[in-house]
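Have a look at the structure below, then the notes.
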Amino acid sequence: MNGTAPALTELRTRVAAGIFRRVAGPAGPATRDRIHLTPGPRWFAPDRPIRRVHGDASMFIGGLRALLLQSLHPLAMAAVAAHSGYRGDPWGRLQRTSTFLAVTTFGTADDAQAAVDLVRSVHGRVTGTTGEGVPYRASDPWLLGWVHAAEVDSFLRAHQRFGAAPLDRAGCDAYVGDMARVATALGVPDPPHDVRGLAERIDAYRSELRGTTEAREAARFVLLRPPLPLVARGPYAFLAANAVASLPPWACAALGLPSFPGPAGTAVRATGHALTRGIRWAMSPPPGTPGRRDPGAAP
(Lines give C-alpha, C1' and ligand atoms only; values in the text may rest on other atoms or scores of the structure.)
Protein backbone atom coordinates (compact mmCIF):
# COMPACT_ATOMS: atom_id res chain seq x y z
CA MET A 1 0.00 0.00 0.00
CA ASN A 2 2.91 2.38 0.73
CA GLY A 3 3.84 2.40 -2.94
CA THR A 4 0.32 2.99 -4.20
CA ALA A 5 -0.02 6.67 -3.33
CA PRO A 6 3.29 7.77 -4.92
CA ALA A 7 2.49 5.74 -8.02
CA LEU A 8 -0.94 7.35 -8.32
CA THR A 9 0.57 10.78 -7.78
CA GLU A 10 3.12 10.15 -10.51
CA LEU A 11 0.41 8.89 -12.87
CA ARG A 12 -1.77 11.89 -12.14
CA THR A 13 1.15 14.26 -12.73
CA ARG A 14 2.10 12.65 -16.04
CA VAL A 15 -1.46 12.57 -17.37
CA ALA A 16 -2.13 16.16 -16.30
CA ALA A 17 1.11 17.37 -17.86
CA GLY A 18 0.32 15.61 -21.14
CA ILE A 19 -3.18 17.06 -21.34
CA PHE A 20 -2.05 20.53 -20.34
CA ARG A 21 0.79 20.52 -22.87
CA ARG A 22 -1.62 19.67 -25.69
CA VAL A 23 -4.21 22.24 -24.70
CA ALA A 24 -2.02 25.13 -23.56
CA GLY A 25 1.20 24.68 -25.55
CA PRO A 26 4.81 25.18 -24.47
CA ALA A 27 4.08 28.59 -22.94
CA GLY A 28 1.17 27.15 -20.94
CA PRO A 29 2.61 27.42 -17.41
CA ALA A 30 3.62 31.06 -17.87
CA THR A 31 0.30 31.90 -19.50
CA ARG A 32 -1.60 30.17 -16.69
CA ASP A 33 0.24 32.14 -14.04
CA ARG A 34 -0.34 35.40 -15.86
CA ILE A 35 -4.05 34.70 -16.24
CA HIS A 36 -4.73 33.59 -12.69
CA LEU A 37 -2.16 35.47 -10.62
CA THR A 38 -2.11 38.95 -12.17
CA PRO A 39 -4.00 41.29 -9.82
CA GLY A 40 -6.77 43.49 -11.11
CA PRO A 41 -10.51 43.56 -11.84
CA ARG A 42 -12.01 40.77 -13.94
CA TRP A 43 -14.95 40.69 -16.34
CA PHE A 44 -16.48 37.88 -14.28
CA ALA A 45 -16.62 37.39 -10.52
CA PRO A 46 -15.50 34.05 -9.06
CA ASP A 47 -19.09 32.90 -8.53
CA ARG A 48 -20.25 33.48 -12.11
CA PRO A 49 -21.50 30.45 -14.12
CA ILE A 50 -19.02 31.07 -16.93
CA ARG A 51 -16.21 30.20 -14.55
CA ARG A 52 -17.88 26.96 -13.51
CA VAL A 53 -18.51 25.88 -17.10
CA HIS A 54 -15.15 26.88 -18.56
CA GLY A 55 -13.27 25.40 -15.61
CA ASP A 56 -14.73 21.93 -16.03
CA ALA A 57 -13.41 18.91 -17.94
CA SER A 58 -16.67 18.76 -19.93
CA MET A 59 -15.14 21.49 -22.11
CA PHE A 60 -13.14 18.81 -23.93
CA ILE A 61 -16.37 17.38 -25.31
CA GLY A 62 -18.04 20.77 -25.70
CA GLY A 63 -15.13 22.09 -27.73
CA LEU A 64 -15.28 19.21 -30.21
CA ARG A 65 -19.04 19.59 -30.52
CA ALA A 66 -18.65 23.32 -31.17
CA LEU A 67 -16.21 22.72 -34.02
CA LEU A 68 -18.60 20.26 -35.67
CA LEU A 69 -21.64 22.48 -35.26
CA GLN A 70 -19.88 25.64 -36.42
CA SER A 71 -18.70 23.91 -39.59
CA LEU A 72 -22.29 23.66 -40.84
CA HIS A 73 -22.35 27.30 -41.88
CA PRO A 74 -20.73 27.31 -45.35
CA LEU A 75 -19.21 30.77 -44.94
CA ALA A 76 -17.75 29.99 -41.52
CA MET A 77 -16.37 26.69 -42.79
CA ALA A 78 -14.85 28.31 -45.87
CA ALA A 79 -13.06 30.83 -43.66
CA VAL A 80 -11.76 28.09 -41.36
CA ALA A 81 -10.60 25.92 -44.27
CA ALA A 82 -8.75 28.78 -45.96
CA HIS A 83 -7.31 30.68 -43.01
CA SER A 84 -7.22 28.73 -39.74
CA GLY A 85 -4.52 26.16 -40.49
CA TYR A 86 -6.54 23.49 -38.69
CA ARG A 87 -4.90 20.73 -40.74
CA GLY A 88 -1.33 21.96 -40.64
CA ASP A 89 -1.39 23.23 -37.06
CA PRO A 90 -4.44 21.84 -35.24
CA TRP A 91 -2.82 22.02 -31.81
CA GLY A 92 -1.80 25.62 -32.37
CA ARG A 93 -5.39 26.51 -33.20
CA LEU A 94 -6.64 24.66 -30.11
CA GLN A 95 -4.08 26.40 -27.92
CA ARG A 96 -5.03 29.85 -29.21
CA THR A 97 -8.72 29.14 -28.64
CA SER A 98 -8.10 27.71 -25.18
CA THR A 99 -6.01 30.71 -24.19
CA PHE A 100 -8.65 33.15 -25.44
CA LEU A 101 -11.35 31.41 -23.40
CA ALA A 102 -9.13 31.35 -20.32
CA VAL A 103 -8.11 35.00 -20.57
CA THR A 104 -11.63 36.31 -21.12
CA THR A 105 -13.07 34.07 -18.39
CA PHE A 106 -10.41 34.24 -15.67
CA GLY A 107 -7.96 36.98 -16.66
CA THR A 108 -7.87 40.65 -15.81
CA ALA A 109 -10.23 43.02 -17.60
CA ASP A 110 -7.29 44.63 -19.39
CA ASP A 111 -5.97 41.28 -20.62
CA ALA A 112 -9.46 40.18 -21.66
CA GLN A 113 -9.94 43.32 -23.71
CA ALA A 114 -6.50 42.92 -25.28
CA ALA A 115 -7.37 39.33 -26.27
CA VAL A 116 -10.62 40.51 -27.85
CA ASP A 117 -8.85 43.32 -29.69
CA LEU A 118 -6.35 40.84 -31.13
CA VAL A 119 -9.10 38.50 -32.35
CA ARG A 120 -10.99 41.39 -33.94
CA SER A 121 -7.81 42.48 -35.69
CA VAL A 122 -7.31 38.97 -37.09
CA HIS A 123 -10.96 38.74 -38.16
CA GLY A 124 -10.57 42.00 -40.05
CA ARG A 125 -7.96 40.39 -42.30
CA VAL A 126 -9.87 37.16 -42.98
CA THR A 127 -11.79 37.55 -46.21
CA GLY A 128 -12.33 35.37 -49.26
CA THR A 129 -14.78 33.59 -51.51
CA THR A 130 -16.31 30.15 -51.19
CA GLY A 131 -15.98 27.54 -53.92
CA GLU A 132 -19.41 28.63 -55.08
CA GLY A 133 -18.30 32.22 -55.47
CA VAL A 134 -19.96 33.62 -52.34
CA PRO A 135 -17.81 36.25 -50.58
CA TYR A 136 -17.23 36.04 -46.83
CA ARG A 137 -15.48 38.03 -44.13
CA ALA A 138 -14.82 36.77 -40.62
CA SER A 139 -15.80 40.14 -39.15
CA ASP A 140 -19.36 39.86 -40.54
CA PRO A 141 -21.56 40.34 -37.43
CA TRP A 142 -24.10 37.75 -38.60
CA LEU A 143 -21.39 35.15 -39.14
CA LEU A 144 -19.83 35.96 -35.78
CA GLY A 145 -23.27 35.45 -34.26
CA TRP A 146 -23.44 31.90 -35.59
CA VAL A 147 -19.98 30.99 -34.32
CA HIS A 148 -20.90 32.40 -30.92
CA ALA A 149 -24.29 30.66 -30.69
CA ALA A 150 -22.85 27.28 -31.69
CA GLU A 151 -20.06 27.65 -29.14
CA VAL A 152 -22.31 28.66 -26.25
CA ASP A 153 -24.81 25.91 -27.02
CA SER A 154 -22.05 23.30 -27.19
CA PHE A 155 -20.23 24.32 -24.02
CA LEU A 156 -23.46 24.52 -22.04
CA ARG A 157 -24.90 21.22 -23.28
CA ALA A 158 -21.64 19.39 -22.59
CA HIS A 159 -21.51 20.87 -19.09
CA GLN A 160 -25.08 19.94 -18.31
CA ARG A 161 -24.44 16.38 -19.46
CA PHE A 162 -20.91 15.79 -18.14
CA GLY A 163 -20.04 18.63 -15.76
CA ALA A 164 -19.19 17.98 -12.14
CA ALA A 165 -21.85 20.46 -10.98
CA PRO A 166 -24.52 21.12 -13.63
CA LEU A 167 -26.30 24.46 -13.49
CA ASP A 168 -29.93 24.98 -12.60
CA ARG A 169 -32.19 26.81 -15.07
CA ALA A 170 -31.31 30.23 -13.70
CA GLY A 171 -27.63 29.31 -13.86
CA CYS A 172 -27.95 28.24 -17.49
CA ASP A 173 -29.57 31.56 -18.36
CA ALA A 174 -26.83 33.37 -16.46
CA TYR A 175 -24.13 31.46 -18.37
CA VAL A 176 -25.63 32.52 -21.69
CA GLY A 177 -25.72 36.07 -20.35
CA ASP A 178 -22.07 35.89 -19.27
CA MET A 179 -21.05 34.72 -22.73
CA ALA A 180 -23.03 37.59 -24.25
CA ARG A 181 -20.53 39.93 -22.58
CA VAL A 182 -17.69 38.37 -24.58
CA ALA A 183 -19.76 38.21 -27.77
CA THR A 184 -20.61 41.90 -27.61
CA ALA A 185 -16.94 42.76 -27.21
CA LEU A 186 -16.17 40.65 -30.29
CA GLY A 187 -18.75 42.49 -32.38
CA VAL A 188 -21.81 40.25 -32.19
CA PRO A 189 -24.93 42.45 -32.29
CA ASP A 190 -27.60 41.64 -29.70
CA PRO A 191 -26.31 38.19 -28.63
CA PRO A 192 -28.78 35.94 -26.77
CA HIS A 193 -28.93 36.43 -23.01
CA ASP A 194 -30.81 33.30 -21.92
CA VAL A 195 -31.40 29.70 -22.97
CA ARG A 196 -34.64 30.46 -24.80
CA GLY A 197 -33.01 33.24 -26.78
CA LEU A 198 -30.09 30.94 -27.62
CA ALA A 199 -32.41 28.27 -29.01
CA GLU A 200 -34.29 30.86 -31.05
CA ARG A 201 -31.02 32.24 -32.42
CA ILE A 202 -29.82 28.82 -33.55
CA ASP A 203 -33.19 28.21 -35.22
CA ALA A 204 -32.75 31.51 -37.08
CA TYR A 205 -29.65 30.09 -38.78
CA ARG A 206 -31.08 26.70 -39.70
CA SER A 207 -31.99 27.59 -43.28
CA GLU A 208 -28.35 28.59 -43.95
CA LEU A 209 -26.74 25.46 -42.53
CA ARG A 210 -25.64 22.48 -44.58
CA GLY A 211 -22.96 19.85 -44.69
CA THR A 212 -20.57 21.06 -47.40
CA THR A 213 -17.71 18.94 -48.68
CA GLU A 214 -15.35 21.08 -46.61
CA ALA A 215 -17.45 20.55 -43.48
CA ARG A 216 -17.53 16.78 -43.90
CA GLU A 217 -13.79 16.67 -44.57
CA ALA A 218 -13.16 18.73 -41.44
CA ALA A 219 -15.38 16.39 -39.41
CA ARG A 220 -13.46 13.34 -40.64
CA PHE A 221 -10.16 15.02 -39.78
CA VAL A 222 -11.26 16.08 -36.29
CA LEU A 223 -12.96 12.79 -35.44
CA LEU A 224 -10.90 10.15 -37.22
CA ARG A 225 -7.42 11.54 -37.88
CA PRO A 226 -6.34 13.52 -34.82
CA PRO A 227 -2.58 14.09 -34.62
CA LEU A 228 -2.21 12.11 -31.41
CA PRO A 229 0.09 9.33 -30.20
CA LEU A 230 -1.42 5.88 -30.42
CA VAL A 231 -1.93 5.58 -26.67
CA ALA A 232 -4.19 8.67 -26.64
CA ARG A 233 -6.37 7.76 -29.61
CA GLY A 234 -8.65 5.39 -27.71
CA PRO A 235 -9.70 7.94 -25.07
CA TYR A 236 -9.96 10.62 -27.75
CA ALA A 237 -12.27 8.39 -29.81
CA PHE A 238 -14.67 8.20 -26.87
CA LEU A 239 -14.56 11.98 -26.39
CA ALA A 240 -15.29 12.40 -30.09
CA ALA A 241 -18.17 9.90 -29.96
CA ASN A 242 -19.74 11.86 -27.14
CA ALA A 243 -19.36 15.12 -29.04
CA VAL A 244 -21.20 13.54 -31.98
CA ALA A 245 -23.85 11.94 -29.75
CA SER A 246 -24.67 15.34 -28.23
CA LEU A 247 -25.32 16.98 -31.60
CA PRO A 248 -28.91 17.45 -32.76
CA PRO A 249 -30.02 14.80 -35.30
CA TRP A 250 -30.20 17.33 -38.13
CA ALA A 251 -26.53 18.25 -37.58
CA CYS A 252 -25.44 14.61 -37.61
CA ALA A 253 -27.38 14.02 -40.81
CA ALA A 254 -25.84 17.07 -42.50
CA LEU A 255 -22.31 15.92 -41.63
CA GLY A 256 -22.94 12.27 -42.48
CA LEU A 257 -22.31 11.22 -38.89
CA PRO A 258 -24.01 8.37 -37.05
CA SER A 259 -26.58 8.92 -34.35
CA PHE A 260 -26.60 6.95 -31.12
CA PRO A 261 -30.17 6.10 -30.18
CA GLY A 262 -31.30 3.92 -27.28
CA PRO A 263 -28.76 1.59 -25.65
CA ALA A 264 -25.96 2.78 -27.92
CA GLY A 265 -26.43 6.34 -26.71
CA THR A 266 -26.48 5.20 -23.09
CA ALA A 267 -23.23 3.30 -23.57
CA VAL A 268 -21.53 6.23 -25.29
CA ARG A 269 -22.63 8.61 -22.57
CA ALA A 270 -21.17 6.30 -19.91
CA THR A 271 -17.77 6.56 -21.58
CA GLY A 272 -18.11 10.35 -21.60
CA HIS A 273 -18.78 10.42 -17.87
CA ALA A 274 -15.84 8.11 -17.20
CA LEU A 275 -13.43 10.13 -19.32
CA THR A 276 -14.41 13.52 -17.95
CA ARG A 277 -14.13 12.17 -14.41
CA GLY A 278 -10.66 10.86 -15.28
CA ILE A 279 -9.56 14.18 -16.77
CA ARG A 280 -10.98 16.03 -13.79
CA TRP A 281 -9.07 13.75 -11.41
CA ALA A 282 -5.81 14.18 -13.32
CA MET A 283 -6.10 17.95 -13.65
CA SER A 284 -7.14 18.59 -10.03
CA PRO A 285 -4.28 18.78 -7.53
CA PRO A 286 -5.06 16.91 -4.31
CA PRO A 287 -6.96 18.92 -1.68
CA GLY A 288 -4.63 21.15 0.28
CA THR A 289 -2.20 21.68 -2.59
CA PRO A 290 -0.91 25.30 -2.58
CA GLY A 291 -2.34 27.30 -5.48
CA ARG A 292 -5.10 24.75 -6.10
CA ARG A 293 -7.52 25.89 -8.82
CA ASP A 294 -10.61 24.42 -10.37
CA PRO A 295 -9.78 21.90 -13.10
CA GLY A 296 -10.74 22.24 -16.71
CA ALA A 297 -9.71 22.75 -20.29
CA ALA A 298 -8.57 26.33 -19.81
CA PRO A 299 -4.90 27.05 -19.10
Side-chain angles (χ1 to χ4, degrees), residues 16 19-20 23-24 28-66 94-116 118-119 147-186 188 191-195 197-198 276-277 279-299:
I19 294 171
F20 187 74
V23 173
T31 300
R32 177 180 56 199
D33 289 345
R34 176 175 60 82
I35 290 170
H36 293 278
L37 302 182
T38 301
R42 264 69 177 165
W43 279 0
F44 305 105
D47 62 346
R48 294 304 302 173
I50 191 172
R51 288 192 168 218
R52 186 192 301 188
V53 174
H54 292 179
D56 190 84
S58 60
M59 286 287 283
F60 285 90
I61 294 174
L64 285 172
R65 184 188 190 273
L94 171 64
Q95 290 153 13
R96 290 188 292 273
T97 300
S98 172
T99 298
F100 177 82
L101 288 169
V103 171
T104 51
T105 302
F106 302 102
T108 65
D110 287 343
D111 282 350
Q113 186 61 54
V116 165
L118 177 60
V119 169
V147 172
H148 171 73
E151 187 174 83
V152 176
D153 186 68
S154 295
F155 294 165
L156 182 56
R157 287 182 183 274
H159 183 80
Q160 293 304 97
R161 182 174 290 193
F162 300 108
L167 301 166
D168 60 16
R169 179 57 187 255
C172 290
D173 285 341
Y175 171 71
V176 178
D178 286 347
M179 287 292 279
R181 167 73 175 85
V182 181
T184 300
L186 285 169
V188 177
H193 284 76
D194 55 31
V195 171
L198 177 61
T276 49
R277 280 196 299 267
I279 294 170
R280 200 175 291 121
W281 170 81
M283 300 294 285
S284 299
T289 300
R292 174 180 167 87
R293 286 188 295 268
D294 290 338

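Not measured: the values here are computed from a predicted model.
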Are [X] and [Y] side-chain neighbours, meaning at least one heavy-atom pair lies under 4.5 Å?
X	Y	value
Gln95	Ser98	no
Ser58	Arg161	no
Phe100	Val116	yes

Review point. What do the steps show when you test Asp111 against Ile35 for side-chain contact (heavy atoms from CB on, under 4.5 Å), and what is the final call?
Key: CA-CA 8 Å; Asp111 282 350; Ile35 290 170; over 6 Å; no

Check your understanding: In terms of the angle between their ring planes, are His54 and Phe155 parallel, tilted or perpendicular, with boundaries placed at 30° and 60°?
Key -> perpendicular

Once you round to the nearest 0.5 Å, how far does [atom1] of [X] lie from [atom2] of [Y]?
X	Y	atom1	atom2	value
Phe60	Arg280	CZ	CZ	10.5 Å
Arg157	Leu198	CZ	CG	8.0 Å
Arg52	Leu167	CZ	CG	5.0 Å
Arg34	Thr99	CZ	OG1	8.0 Å
Arg96	Leu101	CZ	CG	13.5 Å

Show the nearest heavy-atom pair for residues [X] and [Y], with the distance to one decimal.
X	Y	value
Asp178	Arg48	OD1-NH2, 2.8 Å
Trp43	Gln113	CZ2-OE1, 3.6 Å
Val53	Met59	O-CG, 3.4 Å
Pro192	Ala180	O-CB, 3.6 Å
Ala57	Ile279	CB-CG2, 3.8 Å
Thr105	Ile50	CG2-O, 3.8 Å

Check your understanding: Without hydrogens or angle criteria, can the side chains of Asp110 and Thr108 be said to hold a donor-acceptor pair below 3.5 Å?
Key -> no

Practice item. Let me see the working for His159 and Tyr175 under side-chain contact (heavy atoms from CB on, under 4.5 Å), right down to the final yes or no. Key: CA-CA 11 Å; His159 183 80; Tyr175 171 71; over 6 Å; no

Check your understanding: Is there a donor-acceptor pair closer than 3.5 Å between any side-chain N or O of Arg65 and the backbone N or O of Ala158?
Key -> no

Point to revise | Pairing of Asp173 and Arg169 as salt bridge, 4.0 angstrom limit | key: yes

